[in-house]
There are 6 protein chains.
Amino acid sequence: MIATISRKGYFSASHRLYNNHWDNQKNIEIFGKCSHLNYHGHNYQYIVSLTGKIDAETGFVFNLQKLKNILYEEIEKIFDHKNINLDIKEFSSINPTIENVVIFMWNKINKKIPSDFHLKITLYETENNFVEYDGK
Amino acid sequence: MIATISRKGYFSASHRLYNNHWDNQKNIEIFGKCSHLNYHGHNYQYIVSLTGKIDAETGFVFNLQKLKNILYEEIEKIFDHKNINLDIKEFSSINPTIENVVIFMWNKINKKIPSDFHLKITLYETENNFVEYDGK
Amino acid sequence: MIATISRKGYFSASHRLYNNHWDNQKNIEIFGKCSHLNYHGHNYQYIVSLTGKIDAETGFVFNLQKLKNILYEEIEKIFDHKNINLDIKEFSSINPTIENVVIFMWNKINKKIPSDFHLKITLYETENNFVEYDGK
Amino acid sequence: MIATISRKGYFSASHRLYNNHWDNQKNIEIFGKCSHLNYHGHNYQYIVSLTGKIDAETGFVFNLQKLKNILYEEIEKIFDHKNINLDIKEFSSINPTIENVVIFMWNKINKKIPSDFHLKITLYETENNFVEYDGK
Amino acid sequence: MIATISRKGYFSASHRLYNNHWDNQKNIEIFGKCSHLNYHGHNYQYIVSLTGKIDAETGFVFNLQKLKNILYEEIEKIFDHKNINLDIKEFSSINPTIENVVIFMWNKINKKIPSDFHLKITLYETENNFVEYDGK
Amino acid sequence: MIATISRKGYFSASHRLYNNHWDNQKNIEIFGKCSHLNYHGHNYQYIVSLTGKIDAETGFVFNLQKLKNILYEEIEKIFDHKNINLDIKEFSSINPTIENVVIFMWNKINKKIPSDFHLKITLYETENNFVEYDGK
């Protein structure tokens, strides 16, 4: 039997939206207050969802304690209480929209999960704005 | 790369469930207290989800500020602090169940979104009752 | 020992803000879209809080099952799926602001509670707007 | 037109994770504090989602009042204020992980729903841990 | 200047309400399904609030990281994934209502806090039922 | 009659905790990851509560639409999508703990409110950490 198991995580970080190939005026036109020079920040929330077979012995799709440890190593240590633009080298050239951040998270976690699981990540920047990505 | 971006919105409205082709007794039998003559109301919440390609220049599937403006014009101005049965002419003959309301919302928003996006809307009448519709 | 025990309740109702002694223009000036003629509505939430001594035998300040029954009789039956202006006779002449509604609720519940308890009620019209009243 | 209608429900129960074919040490190694001998508990939340055609006369995919009654009979009466391992005979030999509990719930509810609806259930053990199952 | 700083915590536990001096019938009459023999459980949430002077050097009423450590030692290690009646010796003779549990928690935390702070604890058994206690 | 009316607001900002009179090592010792050089951020939530008499004509303690406008001018324009340390001159020398931020907010709002109202502000940095201040 196939089920999808999910674990929610949290991190607080700062960022600004900015395209290095554009001048300031175009950045403000497209990104508005999100491009503010001195950075702003969010309490990000994310949900990591794994779809796979239920193991008959454990009754688990995936051990959530193990998943929690993976999220600590791959997400929390890198993002929590950090500046996404300045502290994560990949985002020196990539604009940290929630779309680009969730793809980065997906690639990091997918490497730690056996290939017979399907991985989807949902990332909330605020309660009102969020994104889903599953590797396509 | 394909992702789904979502924006949450809110409106407060009154309504009553009622089928004009039935007598009062049958309306009460099927719709119970939801058919109460003088209307009742809800704080509706909804999530508009757009699936599409991530634009390489902006890092956006769709600019959420633009989406917020569309939701203000197409949803908030029509539904917020209104009586759905009396103030929206389409619902003089259509029963304002969450199913029928979400279809109406979907048709209005879908006209404002380029055709290469797939649109899904989730509508909450209360925390416990909600509906999803994606145009099928 | 003294503690405060609280129970949360819910009702969905419609209303409009309106002062009968003013003309339409003044009502719109003061109450804005909340004075809309055809009524709008909310999922109201409320918290009933009782402060009193902990009973040594039960370990209760007040039996929450009994309180739930009082709330059903005194609040839910009167407000749920109703129009506050039209269905509750006291509000034919009183403007149903959250301040006036919470005082009405407090008077109804306080009659059902022994006088050695202190009663406070918090009433939410939306997640963002709420009022507290404790009989003063 | 096809939509998905959902109803949220709640129950409070105790359980422990335990595989009868393993010794205590292996149970602790795999299930950690969740295998604690004297049981612990949760406020479970679940969402029952039905996908089907919208009925032209009622405007409903499925009458949510009827669904609420089914959930009371099939879920709340069996799980609420119970010990899952000791009070539900199927779980004397099945480990009550959220995966196994959601499958049990799905089988009970699916029998009460006409076959032209597609049923999905989401079960939350805590705000952070949850599972989805749709019969596959 | 005086402010109140608060930290929220969580634990999952099982319990049953029972007065040893009463027979089964009276326990069921007073406590209903909460007295179920095999225990049930909850995701408890609690808020620890400290009122005191703001320290000019740190800008803190109380260091929340230190408070988090106290809550881990005094609350989480004792209550999380435990059976309150069976695993905490004080509750072998005290009925674990939220009133009695919050007093027990208050006494444990108050010993770890300097006497120039005023301590209040709010304990949620469910989203709908909660209690506040501040040592009176 | 006296009641307390409350309005919730939101802003997203970045900050870092830092005492200019201490060296880096002492700042890390006391503030931990909150002192990270490149700033981190939060979705702040706050509740502004006004206690006063209910006006007989309007049924309001205070017009919440007016209060919303005050919060936009005094809080949102200053804090939203800003860096508290760099963009608000008072915090160039004051450490932006939630205690110091809530006092700053209280002083700004209290100037705009007639003196016969009692003002309290609650400020949430995360769901788990928050502070209350009422001018004492």
Side-chain angles (χ1 to χ4, degrees), chain A residues 8-18 24 27-47 71-73 75-92 94-98 101 122-131, chain F residues 8-18 24 27-47 71-73 75-92 94-98 101 122-131:
Chain A
K8 200 172 177 180
Y10 305 85
F11 60 87
S12 293
S14 58
H15 79 150
R16 85 182 278 220
L17 298 189
Y18 199 79
N24 246 334
N27 272 288
I28 289 168
E29 187 193 317
I30 302 297
F31 299 123
K33 60 187 179 178
C34 297
S35 69
H36 177 66
L37 178 67
N38 288 329
Y39 309 99
H40 61 282
H42 300 290
N43 300 323
Y44 290 87
Q45 301 191 3
Y46 62 97
I47 295 168
L71 302 185
Y72 177 71
E73 288 297 327
I75 305 295
E76 197 175 326
K77 280 172 78 168
I78 291 167
F79 282 98
D80 191 39
H81 282 73
K82 295 287 168 59
N83 181 311
I84 301 176
N85 304 67
L86 298 181
D87 293 319
I88 304 177
K89 68 173 190 302
E90 286 83 350
F91 289 101
S92 63
I94 296 175
N95 191 14
T97 59
I98 39 174
V101 173
T122 308
L123 176 65
Y124 291 78
E125 194 171 80
T126 67
E127 197 193 329
N128 293 335
N129 294 342
F130 59 96
V131 68
Chain F
K8 200 171 177 182
Y10 305 84
F11 59 87
S12 292
S14 59
H15 80 150
R16 88 183 273 219
L17 299 188
Y18 199 78
N24 246 333
N27 273 288
I28 289 168
E29 186 193 319
I30 301 297
F31 299 123
K33 59 187 179 180
C34 297
S35 68
H36 178 67
L37 179 66
N38 288 331
Y39 310 99
H40 62 283
H42 301 289
N43 299 324
Y44 290 87
Q45 302 191 3
Y46 63 98
I47 295 167
L71 302 185
Y72 176 71
E73 288 297 327
I75 305 296
E76 198 174 325
K77 278 171 78 169
I78 292 167
F79 282 99
D80 191 38
H81 282 72
K82 295 288 169 59
N83 181 312
I84 301 177
N85 304 66
L86 298 181
D87 292 319
I88 305 177
K89 70 173 190 302
E90 287 84 349
F91 289 101
S92 63
I94 295 175
N95 191 13
T97 59
I98 39 175
V101 173
T122 308
L123 176 65
Y124 291 78
E125 194 170 79
T126 66
E127 198 193 328
N128 293 334
N129 295 341
F130 60 97
V131 68

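Chain naming here is simple, since letters A, B, ... match the order of the sequence lines and numbering starts at 1 in each.
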Checklist entry - Which residues satisfy the ring pair (Phe, Tyr, Trp, His ring centres under 6.0 Å) test with A:Tyr39, sequence neighbours excluded? => result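 By the ring pair (Phe, Tyr, Trp, His ring centres under 6.0 Å) rule, A:Tyr39 matches no residue at all.
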Checklist entry - Shortest non-hydrogen contact from F:Gly41 to A:Ser12? => result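 Shortest heavy-atom separation between F:Gly41 and A:Ser12 comes out as O-CB, 3.2 Å.
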Checklist entry - Between A:Asn83 and F:Asn38, what is the shortest heavy-atom contact and its length? => result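 Looking at all heavy atoms of both residues, the closest pair is ND2-O, 3.0 Å.
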Item to check | Distance in Å, A:Tyr124 OH paired with F:Asn43 CG, rounded so as to fall on 0.5 Å steps | outcome: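 Atom-to-atom, A:Tyr124:OH and F:Asn43:CG are 13.5 Å apart.
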Checklist entry - Given the options A:His40, A:Lys82, A:His36, A:Glu125, which has more heavy-atom pairs under 4.5 Å with chain F than any of the others? => result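 Among A:His40, A:Lys82, A:His36, A:Glu125, the one with the most close pairs to chain F is A:His40.
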Next on the checklist: If you count heavy-atom pairs within less than 4.5 Å of chain F, which of A:Ile84, A:Asp80, A:Thr126, A:Asp87 leads?
Outcome noted: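 Most heavy-atom pairs within the cutoff with chain F belong to A:Asp87.
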Checklist entry - Side chain, backbone, both or neither: which part of F:Asn85 has a non-hydrogen atom closer than 4.5 Å to chain A? => result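 Answer is neither: F:Asn85 stays 4.5 Å or more from chain A.
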